[in-house]
Amino acid sequence: MKRKDYLSWDEYFIGIAMLSAQRSKDPNTQVGACIVDGDHKILSLGYNGMPVGCSDDRLPWNNQGDALNTKYMFVCHAELNAILNSGKDLKGSTIYTTLFPCNECAKAIIQAGIRHVVYLSDKYAETDATIASKRMFDMAGVTYHEYNLHGKTLELNL
């Protein structure tokens, strides 16, 4: 008889997104993303970090201060990195992400043809960026749902 306590697909891919987040050098927020096709094959991974060719030792990691001295003007989000890293057709795929996508990532998700978003945290649910994301997802027919931990605890620095 086979094991009954193996990982579900959602648990597996959220776990991979969490592992990917650990590559981020951001001292405050680590976000990971995993894109999969309908056959549960991984198409791409990403995490939040500086663009290729831009030294993460020379650009700021601050999250407060004037714009050019914070990370916000420079960091590529995990979802965008996963899309850009893929080099594949993402139409109809699912993205697993540790944090609900911002409005900029939502635009990229929609444009890439990703049809479903599974997220771990929606801690910025009340912000304009997240409200805009949900509005665009709803208009474009992109479904989304929070991954249910079923009483399990996960350590994340979101």
Side-chain angles (χ1 to χ4, degrees), residues 1-52 56 61 63 71 75-158:
M1 192 176 275
K2 71 178 181 180
R3 281 180 50 217
K4 295 189 188 287
D5 62 342
Y6 58 90
L7 298 175
S8 70
W9 286 117
D10 280 356
E11 195 169 25
Y12 180 63
F13 294 127
I14 278 290
I16 291 171
M18 291 174 60
L19 183 61
S20 295
Q22 296 307 304
R23 283 286 309 147
S24 174
K25 296 176 184 174
D26 190 319
N28 299 303
T29 304
Q30 298 85 48
V31 180
C34 177
I35 303 174
V36 303
D37 68 15
D39 293 324
H40 303 113
K41 304 287 188 273
I42 296 173
L43 300 174
S44 189
L45 302 171
Y47 56 88
N48 59 313
M50 298 300 176
V52 173
D56 53 29
W61 287 105
N63 60 0
K71 63 185 177 180
V75 168
C76 291
H77 290 182
E79 301 90 341
L80 181 61
N81 271 331
I83 290 167
L84 295 174
N85 289 340
S86 72
K88 297 177 182 153
D89 183 5
L90 301 177
K91 286 183 179 54
S93 62
T94 297
I95 189 166
Y96 290 82
T97 184
T98 56
L99 186 61
F100 196 90
C102 73
N103 61 305
E104 294 299 321
C105 289
K107 291 186 259 186
I109 287 166
I110 292 165
Q111 290 296 91
I114 296 169
R115 303 303 298 154
H116 190 67
V117 176
V118 181
Y119 60 93
L120 189 58
S121 171
D122 194 8
K123 80 176 200 174
Y124 299 111
E126 303 303 318
T127 66
D128 289 345
T130 300
I131 292 166
S133 294
K134 290 176 182 175
R135 187 178 297 173
M136 287 186 287
F137 284 157
D138 292 343
M139 291 174 107
V142 174
T143 61
Y144 49 91
H145 77 269
E146 185 173 10
Y147 172 71
N148 188 334
L149 295 174
H150 302 294
K152 297 176 184 175
T153 58
L154 299 173
E155 297 283 329
L156 276 182
N157 188 11
L158 296 174

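- H145 is listed as a side-chain neighbour of H116, based on a closest heavy-atom distance under 4.5 Å.
- A side-chain contact (heavy atoms from CB on, under 4.5 Å) with K88 is found for one member of L43, I35, I83 and no other, namely L43.
- Shown here is E146, whose CD atom has more than 12 heavy atoms of other residues, nucleotides or ligands within 6.0 Å.
- A heavy-atom distance below 4.5 Å is found between the side chains of N103 and M136.
- For the pair Y96 and I14, the tightest heavy-atom approach, listed with the atom from each and the gap, is CD2-CG1, 3.8 Å.
- Using a 4.5 Å cut-off on side-chain heavy atoms (C-beta onward), Y47 and Q22 make no contact.
- To the nearest 0.5 angstrom, Y144 atom OH is 16.0 Å from I114 atom CD1.
- Note: D122 CG to K134 NZ = 3.5 Å, rounded to the nearest 0.5 Å.
- No side-chain heavy atom of T143 sits less than 4.5 Å from a side-chain heavy atom of R115.
- Expressed to the nearest 0.5 Å, how far SG of C102 lies from CG of D128 amounts to 12.5 Å.
- Using a 4.5 Å cut-off on side-chain heavy atoms (C-beta onward), W61 and N28 make no contact.
- Annotation: side chain of T97 is in contact with side chain of V31 (closest heavy-atom distance under 4.5 Å).
- In this structure, SG on C105 lies 8.0 Å from CD1 on I95, to the nearest 0.5 angstrom.
- Considering every non-hydrogen atom in both T98 and Q30, the closest pair reads OG1-O, 4.1 Å.
- In terms of heavy atoms, K71 sits closest to D26 at NZ-OD2, 2.7 Å.
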- Intermediate values then yes/no, side chain to side chain contact (heavy atoms under 4.5 Å, CB included), R23 and N81: CA-CA 12 Å; R23 283 286 309 147; N81 271 331; over 6 Å; no
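- Checking side-chain atoms of T130 against main-chain N and O of Y124 turns up a donor-acceptor pair under 3.5 Å.
- Heavy-atom minimum distance, S133 versus F100: CB-CE2, 3.7 Å.
- Counting only N and O atoms by type, the side chains of S24 and N48 include a donor and acceptor under 3.5 Å apart.
- At a threshold of 4.5 Å between non-hydrogen side-chain atoms, the residues V36 and K41 do not count as touching.
- Using cut-offs of 30° and 60° for the angle between ring planes, the F13 and W9 rings count as parallel.
- Residues G46 and N85 approach most closely at CA-ND2, 4.2 Å, considering heavy atoms.
- Shown here for P101 and A106, the closest heavy-atom pair between the two residues is CB-N, 4.3 Å.
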